Number of protein chains: 2
Amino acid sequence: MKSILFSIHSQIASFSKSEQKVAQFILDHPQKVIGMNADALANKVGVSAATVVRLAKILSSDGFPGVKIQLSAETKVDDSLYTEVDPKDPLDVVKQKMEFRIGHTIEQTNLALSDKSVQSAAQLIAKADDVYAYGLGASSIVAADFQQKFIRVGKPVIQTMDTHLIATGIVKPETVLMLVSNTGETVESQKLAEVAKEHHVPVITITHSKKSSLAKKSDIILLHDDSEENEKLRTAATTSLMAQLYVVDLLYYSYLTLNFDSNATILKESRNVIQKHFK
Amino acid sequence: MKSILFSIHSQIASFSKSEQKVAQFILDHPQKVIGMNADALANKVGVSAATVVRLAKILSSDGFPGVKIQLSAETKVDDSLYTEVDPKDPLDVVKQKMEFRIGHTIEQTNLALSDKSVQSAAQLIAKADDVYAYGLGASSIVAADFQQKFIRVGKPVIQTMDTHLIATGIVKPETVLMLVSNTGETVESQKLAEVAKEHHVPVITITHSKKSSLAKKSDIILLHDDSEENEKLRTAATTSLMAQLYVVDLLYYSYLTLNFDSNATILKESRNVIQKHFK
DNA sequence: TTTATTTATGAAATTTAATTTCTTAATAGT
DNA sequence: ACTATTAAGAAATTAAATTTCATAAATAAA
């Protein structure tokens, strides 16, 4: 289905003068139009209802009500939901707010994250002999997810919180270091990045801040959204966690497609193993 | 603006018999309803148009057309996006598809998950002396997140993959066992549930299947969506993982609000510790 | 169990909104 | 300047939504 706003935009030159007035109003105030009837819109822009309806027929086979329905599908919901969760909120309100926030976070991450970085990161991992992953706190969960996903497609990842162990591992250049740090300021991660640099080991970092100290020490930055700037109580920041996991998932996907057939085979085999021996 | 589907879901019990027929049809086929008029919908479910309109008035101040408009806003139109990610898709298409899928998953989880269960689970945890958490594979990540969140608010959670250790821990009735299992068929989890039952330890389970063996052995079931039925390649099932993490987050929220002031104080203090000693 | 009262429901009437038709005005082409 | 074509509004029509009202079903009271 095509975007109706886009369709208006690209067709507007071909409309008649009165129709253009209507079309322009729809482009400027789609949200308002949703709440109007054809008559009201006609009055608002100073044309007749017939003109409004005629235009509507061009835009949608379902006439004016159809236009409103399509506008509603495209015009993003109002932002009243995009508020901080409050400790006084009942659970069903929290659910609504969270649903909205998570959607927003993923959307923002899609914008922030560069496809090229993901693909380069996937290639680095594919070429590497060993991959080390490190994250502290909530980021350790992301590092663990990274490990699980890649082991399943035959790419062993060492994930540990023992920084000394990682430091001793990343002395060969055939290695890759994956760091996960929301703020990009975790001291331990920075130290590991320095060690990696010394030994010409590429560093991939998942973070929300491209200006952070860690970002500056990284070869590839996988940027995710951080909508938690004004977090208060909702510390453990599930939306940030989800954004990071989402980045890992895209990276995993990108890796899979690099050599799809062979990776899919390994994946299938690793599933069979579980199925056969543990179920 | 509240979600109309959510609103129907939570109010449906209070509707009359005929209204319920209409409401259920809307829940099952929102997309179809958008293309119908009140009469057609009435005929489809075998009630009168008056009933349809009456229900519509309850759901939206703008009556039946208003309901259609709201459905359109929520029912993410583009079906082509709601498809399995394909290995041939370029990354930007994958991003779009994933954004949609994740949104859908959270939405479905909001519908599946009962507020009452979350609140009861939070209360059980609050009353317990010790909490044990167990999950295997991707579910271990969820269990780890659960542990992290609750430790930060002063409720120690023991999370380990050593089932024997957990089994020896859950012999006192002041204990709670949290199990995470997507399918609800993991053998180890079932064994732990049996041990718990023997010692009158309540079992809380996060799963997508309420009919699973594990669900039957649980005292509280926290149900999440699983849109991965027809997964092919996208095994590591990030959307399921996110749904589970989301459930944990709601549980955490619910726990926090039980005794908000004291929990917020502990949380603040635990943050200060990190800030002061590790940054 | 019977009776009263409330609630639920559909048929028909009404209202409102959308759409079409028809006429006139504006514009462009000869 | 005259004719053909297109544009646009007023009024008429049609379709949809909504309300009213009578009746049936369910529930409570006697």
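In what follows, every chain begins at residue 1, and chains take the letters A, B, ... in the order their sequences are listed. These numbers were taken from a predicted model, which means no experiment stands behind them.
- Atom pair A:Asp39:CG and D:dA10:P shows a separation of 11 Å (rounding to whole Å applied).
- Under 4.0 angstrom from either OP1 or OP2 of C:dT7 there lies no side-chain N or O belonging to B:Ser16.
- With rounding to the nearest 0.5 Å, the separation of CD in B:Gln108 from OG1 in B:Thr239 is 11.5 Å.
- Contact annotation: A:Ser18 reaches the phosphate of D:dA8 (side-chain N/O to OP1 or OP2, under 4.0 Å).
- Partner of A:Ile26 under the side-chain contact (heavy atoms from CB on, under 4.5 Å) criterion, out of A:Ile12, A:Ile4, A:Ile8: A:Ile8 alone.
- Across all strands shown, A:Ala50 has heavy atoms under 4.0 Å from base atoms, whether or not it also approaches the sugar-phosphate.
- Here B:Lys57 does not reach the OP1 or OP2 of D:dA17: none of its side-chain N or O atoms lies under 4.0 Å away.
- The phosphate of C:dG10 (OP1 or OP2) has a side-chain N or O of B:Thr51 nearer than 4.0 angstrom.
- Side-chain N/O atoms of A:Ser48 include none lying less than 4.0 angstrom from OP1 or OP2 on D:dA8.
- In this structure, B:Ala49 and A:Gly63 both approach DNA chain C, and ranking their closest nucleotides by distance from the 5' end singles out B:Ala49.
- For the pair B:Phe64 CZ and D:dA15 P, the interatomic distance rounds to 18 Å; values are reported in whole Å.
- Neither OP1 nor OP2 of D:dT6 sits under 4.0 Å from any side-chain N or O of A:Lys17.
- Residue contacts for B:Val47: at a heavy-atom cut-off of 4.0 Å it reaches the sugar-phosphate backbone alone, with no base atom in range.
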